[in-house]
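Have a look at the structure below, then the notes.
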Amino acid sequence: MLKIYNTLTRSKQEFTPKQPGKVGMYVCGMTVYDYCHIGHARVMVVFDTVARYLRHAGYQLTYVRNITDIDDKIIQRANENGEAFTALTERFIQAMHEDERALSVLPPDIEPKATQSITDIVKMISTLIERDFAYVGSNGDVFYAVNRFDGYGKLSGKNIEDLQAGERVNVDTAKRDPLDFVLWKMAKPGEPYWDSPWGQGRPGWHIECSAMSTCCLGNHFDIHGGGMDLQFPHHENEIAQSEGATGEPFVNYWMHNGFVRVNEEKMSKSLGNFFTVREVLKQYPRPDVIRFFILSSHYRSPLNYSSEQLDEAVSALTRLYTALKDIDVVDEVIDVEYLRRFERAMDDDFNTPVALAILFDVAKELNKARERNDAGKEASLATVLKKLGGLLGILQENPGDWLKSPRRVSLDHVVDSVAISDSVSVKIIEKGGDDWVQERIQERLEAKKSKDWALADLIRDELNKLGIVIKDRPDGTTDWHR
RNA sequence: GGCUGCGUAGCAGAAUGGUUAUGCAGCGGCCUGCAAAGCCGUAUAUACCGGUUCGAUUCCGGUCGCAGCCUCCA
């Protein structure tokens, strides 16, 4: 039985979809004016993993993740660049999709864009005005009247009085109440705009998610996710808008992922302490590495970013891929025991650290089977391991290739480029090309044959220095990996 | 200031009212020409102070420390 921690109730609850067997999930996606950073990667990977698991659990899932392609920051950035805002957003949407692919993130089923949902947004605002939840302010902007909505604050655990007490000084006089937020913003000269009953303008940030989610999934759906920081005000406002407009409950389960931190501090645009996905991929080019790093802590916990952590992910994955090496997986999972343990972990609010620990248990038993030459057991355990890895979006590459691929790229002495994915190309270590390695290994085998251990060890040391590890097989051949 | 949440071994990171998490790093052994990988064994922990309990790291209260939201932010 799947349990999900629901921010709304601050507790783990058994998951019961509205309609048996079907799940609707909406996740707040990116505002596309810059490259995705590791914090964005966490959202993508976490909810991709949730989606994979829900499907594994037998649900027919509709996964919606929106794109915010119009807002103040986009307009500002486009102006700075002297380009059309659409050119800017198109470029970064493409970059985002490249990053996703490089992280083995499967595309959501629907990816609505704010600019393509203006009709629905306008319709929802009209309804809110009709139902007296919204009004036109003295400057022509349309605002949501927060005090009209009784449940305001139920998600973030805030109450209106506290919020009013903590108000900032610069009060927008166009609003009736400082807590009110904008639904439709009038365009200033030169700004992009869409026609509406209230004049030419653009949607506020919060309304687009209300409109897009209810349009794609219905007025009332199962899961809504996003980063912790969206709890307030974004998701609180979404509830106010959607429930105000439809009169129905909006979302049953709210899921929020924790932040990525750098030196115990939130990674964010405003602090400027962020690493973009493509930056990190240059050093750790394999999709599995960043995914493993992200999934190695629970999605609600903080995740500290450091190269040590990514190095550990590389080591851990090397162990798993080493276990999988040279085994043909069979079609069907026979070792159901591990699958059940894995499901028990994932059923407990998507406990990926425990799920990963189970992969290591499988690897250990697999290695034992290998030691006693039990090929049948090896194959069946390799099958479970790959299957479980697949549910987490890892371990799907050919183990031999993976182990030989540069997955922790030293930035020193590099020369040649090699394409890793459509967004990333990585430089290979000088003198470290595959052919060169093969030659050195051949030389070492000759030295070994003539029992010139000193030379053999010298060659091995040289290879080690370049990050290449060699392994003499019992049959006299030598294997290697990076 | 108001509201959340957190504090587990060298590091990362789970879990639990009484019994091995797991990975990396360490130590001893097997294997190996020596290694590597793998296997076997092994050490190190629950911020602090009280309370509840036969027993608390786990529940409750307090102290200290950290993070987040309250303003755009995943």
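Protein chains get the first letters and strands the later ones, always in sequence-line order, with residue 1 at the start of each.
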Value in whole Å for how far the [atom2] atom of [N] lies from [atom1] of [X]:
X	N	atom1	atom2	answer
A:Asn464	B:A35	CG	P	13 Å
A:Arg370	B:A36	CZ	P	18 Å
A:Phe360	B:C24	CZ	P	6 Å
A:Phe350	B:A15	CZ	C1'	19 Å
A:Ile290	B:A12	CD1	C1'	17 Å
A:Asp34	B:A74	CG	P	10 Å
A:Tyr321	B:G23	OH	P	18 Å
A:Arg440	B:A36	CZ	P	21 Å

Would you say [X] places a side-chain N or O within less than 4.0 Å of OP1 or OP2 belonging to [N]?
X	N	value
A:Asn367	B:A37	no
A:Lys266	B:C69	yes
A:Arg42	B:C73	no
A:Ser301	B:A14	yes
A:Lys471	B:G38	no
A:Arg319	B:G23	yes

Among [options], find the nucleotide with the atom closest to the side chain of [X].
X	options	answer
A:Arg10	B:A35, B:G5, B:C11	B:G5
A:Phe232	B:U22, B:C69, B:A74	B:C69
A:Arg444	B:G33, B:C40, B:A74	B:G33
A:Lys158	B:C73, B:A36, B:G2	B:G2
A:His298	B:G2, B:A14, B:A15	B:A14
A:Thr31	B:A74, B:C39, B:A21	B:A74
A:Gln309	B:A37, B:G68, B:G13	B:G13
A:Val469	B:A36, B:C70, B:G33	B:A36

Spacing of the [atom1] atoms in [M] and [N] (rounded, Å):
N	M	atom1	result
B:C70	B:A37	P	47 Å
B:C11	B:U53	P	36 Å
B:U42	B:A21	P	12 Å
B:A43	B:U20	C1'	14 Å
B:C3	B:A12	P	31 Å
B:U57	B:G18	C1'	12 Å
B:G26	B:A47	P	27 Å
B:C72	B:C66	P	27 Å

Applying salt bridge (Lys or Arg N to Asp or Glu O under 4.0 Å), can you list everything that pairs with A:Glu191, at least two apart in sequence or on another chain?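 A:Glu191: salt bridge (Lys or Arg N to Asp or Glu O under 4.0 Å) contacts with A:Arg202.
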
Nearest-nucleotide comparison on RNA chain B, the residue closer to the 5′ end among A:Ile470 and A:Lys368: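 Its nearest nucleotide being more 5', the pick is A:Ile470.
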
On RNA chain B, does the nearest nucleotide to A:Tyr299 precede the nearest nucleotide to A:Ala357 from the 5' side, or the other way round? Give the residue.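 Between the two, 5'-proximity favours A:Tyr299.
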
Are [X] and [Y] in a cation-pi contact, defined as NZ or CZ under 6.0 Å from the six-membered ring centre and within 45° of the axis?
X	Y	value
A:Lys158	A:Phe232	yes
A:Lys266	A:Phe259	yes
A:Arg407	A:Tyr284	no

With a 3.5 Å cut-off and heavy atoms only, can you find an N or O donor on one side and an acceptor on the other between the side chain of [X] and the base of [N]?
X	N	answer
A:Lys73	B:C73	no
A:Asp472	B:C34	yes
A:Asp457	B:G33	yes
A:Arg300	B:G13	no

Nucleotide opposite [N] in a Watson-Crick or G-U pair, distances under 3.5 Å:
N	value
B:G26	B:U42
B:U19	none
B:C66	B:G5

What do you reckon, do A:Phe259 and the base of B:G68 stack, with centroid distance below 5.5 Å and planes below 30°?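 Ring-base stacking flag not set for A:Phe259 and B:G68.
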
With a non-hydrogen cut-off below 4.0 angstrom, is [X] in contact with a base, only sugar-phosphate, or nothing?
X	result
A:Ser270	base
A:Asn351	sugar-phosphate
A:Glu264	sugar-phosphate
A:Lys451	nothing

Below 4.5 Å, heavy atoms only, C-beta onward: do A:His235 and A:Cys209 meet side chain to side chain? no

Run the numbers on A:Glu100 and A:His40 for side chain to side chain donor-acceptor pair (under 3.5 Å), then give the verdict. CA-CA 10 Å; A:Glu100 273 184 88; A:His40 300 117; over 6 Å; no

Do side-chain atoms of A:Arg65 reach the backbone of A:Met44 as a donor and acceptor pair under 3.5 angstrom? no

So, do A:His37 and A:Phe275 have ring centers that fall under 6.0 Å from each other? no

Under 3.5 Å, is there a donor on one side chain and an acceptor on the other for A:Tyr152 and A:Asn159?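 No - no donor-acceptor pair under 3.5 Å links their side chains.
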
